[in-house]
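Notes follow the structure.
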Amino acid sequence: MNFLLVKLKKEYRRSSLRDTIFDEPDLRNSRKYDPRNAVPDCDWYYLDNIKDKEYYNEILIEEDSLKYPMLVSKNFSEITIIMDYHDNGFLCIQNITPSIIFRKRLLQSDQTIMLPNNNLVINDVPDVIYDKSRDRLYFKKLSSIKILPGISIEYREATDTEVIKFIEKTNINLENGYDVSKIKIKNRKLLNLVLEKIESLPDNLVTDLINYVAKTCPKYSLNNNFVISNEKEMNELLMVFDERQYITPVTKEKRIANSVEKIE
Amino acid sequence: MLDLANYPIINAVSSTIIMPAIAIIHTKIMPISILSLLSIVIITLIIAFMPLLLFKYALDEQLKTPITSIENVNHLFLPIYLGYFFVTFSIPSFELFIITYFIILVFLSFSKMMYFNPFLLLIGYSFYKIHTSNGINVYVLSKQHIVVDNITITHLKRLNDITFLEVLE
């Protein structure tokens, strides 16, 4: 059975609309979301295993429509999100901003009319889609997932504690007045990704990686340590750790990759 | 779409139609004859069963979380029905009854109350109070003799935000 829920400021309500309002778009060309992929070359990104994450919200798999009171017209202006539950387990979500709820005059070809009641614009394509059977969340931009407020934390920049953890693991010394507090957002985001990568590697690969970085960036390495004194150097070092700044094996060309894509 | 849940007045009138019917007979506002009695009975029955007639327009609901407890609460309605009768019999004039009835309808329309329609009991419905593991507490009207816990109910129609009627296919 399909049904439509709306999120108001603090509660959810059910709309009396019977039909679904979104058609499922073509999701065949979707790609797994990777923050390193700077070039948007597909319409839809996806993330899997949403159920195990901290930011998961059970409303994504809601089936009990009768839990929710009816939406009445006085609630209309408080709508923040509309959730279109389909029979096949797909949930299509659109975020609503105050600007798309309107009560205005419309100009038709030969007259102006005033639409009764409140109206809101439904887009052709939803902002976020959740597939219950695969536990997969589809979206075009990470920032449009307002139904799961904590999700951007997953891709956030590193906190000071995490920065310290990273520089200890990799034997980095910060010099010349450059310290943990001076590391800025761009590097922190990159640092977060690199730290995740390092923590997922076995110890021997971590040592290999550190040796590789030392070999690729001899100007920063000194006696088994790395010495960094500004943002630019930190950025370069992090890019090498992420294996995105590298020297090609045969022609020994120095390269930097702005956008990478992992092939399974 | 005539959603019963969006027009609480239909529920309010259909569950209390016994009151005006009794008031008309009791205060003798209409001349008593076989014809008038028959027409009162027929109109009362039509209005009382109106929610069933309007069913196909009511909003579909489902409950997929298994039910952890079911309690038959028919006994909660006896005082209410008696209240309908006693109130109606104690009002001397039809005009006074109209005012009282109007106030009762206003209260019933604006509050989320259980749906006290005695006529549904006559045709075999029972009231159940249902509780699920995730904290849902609703009233369900059903013709089935439900005793077993841990079942799911898939075909329901919303009468108001806390009362639902089970539709058997």
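So that the names make sense, note that chain A is the first sequence line, chain B the second, and so on, each numbered from 1.
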* Decide if atom CG of A/Asp26 counts as having more than 12 heavy atoms of other residues, nucleotides or ligands within a radius under 6.0 Å. => yes

* Rounded to the nearest 0.5 Å, what's the gap from CZ on B/Arg158 to OG on A/Ser16? Could you check? => 9.5 Å

* Are more than 12 heavy atoms from other residues, nucleotides or ligands located less than 6.0 Å from atom CD1 of B/Ile34? -> no

* Asked: Are there more than 12 heavy atoms of other residues, nucleotides or ligands under 6.0 Å from atom CG of A/Asp23?
  -> no

* Structure fact -> Applying ring-ring contact (aromatic ring centres under 6.0 Å, His included) to B/His26 and not counting sequence neighbours gives B/Phe89

* **Note, A/Met70 side chain near B/Asn160 side chain (heavy atom, < 4.5 Å)** => no

* To do: Please list, chain by chain and in numerical order, all residues satisfying ring-ring contact (aromatic ring centres under 6.0 Å, His included) with B/Phe127, sequence neighbours excluded.
  => B/Phe77

* Would you find a donor on one side and an acceptor on the other, under 3.5 Å apart, between the side chain of B/Asp60 and the backbone of A/Met1? -> no

* **Close approach to chain B in residues 122-130 of chain A, criterion heavy atom under 4.5 Å** => none

* What do you reckon, is CG of A/Asp203 surrounded by more than 12 foreign heavy atoms closer than 6.0 Å? -> no

* B/Leu63 portion near chain A, given a 4.5 angstrom heavy-atom threshold -> both

* Against chain B, label A/Ser15 side chain, backbone, both or neither, depending on which of its atoms sit under 4.5 Å from a heavy atom there. => backbone

* To do: Assess whether atom OH of B/Tyr81 is packed by more than 12 heavy atoms of other residues, nucleotides or ligands within 6.0 Å.
  => yes

* Closest heavy-atom pair and its distance - B/Asn134, A/Lys67 -> ND2-NZ, 3.5 Å

* Check side-chain contact (heavy atoms from CB on, under 4.5 Å) between A/Gln108 and all other residues, then give those that pass, not counting sequence neighbours. => A/Gln111, A/Ile113

* Asked: Would you say the side-chain atoms of B/Gln62 pair up with the backbone N or O of A/Glu63, donor to acceptor, closer than 3.5 Å?
  -> yes

* Looking at B/Leu59, B/Val140, B/Ile136, B/Asp161, which one forms a side chain to side chain contact (heavy atoms under 4.5 Å, CB included) with A/Leu66? -> B/Ile136

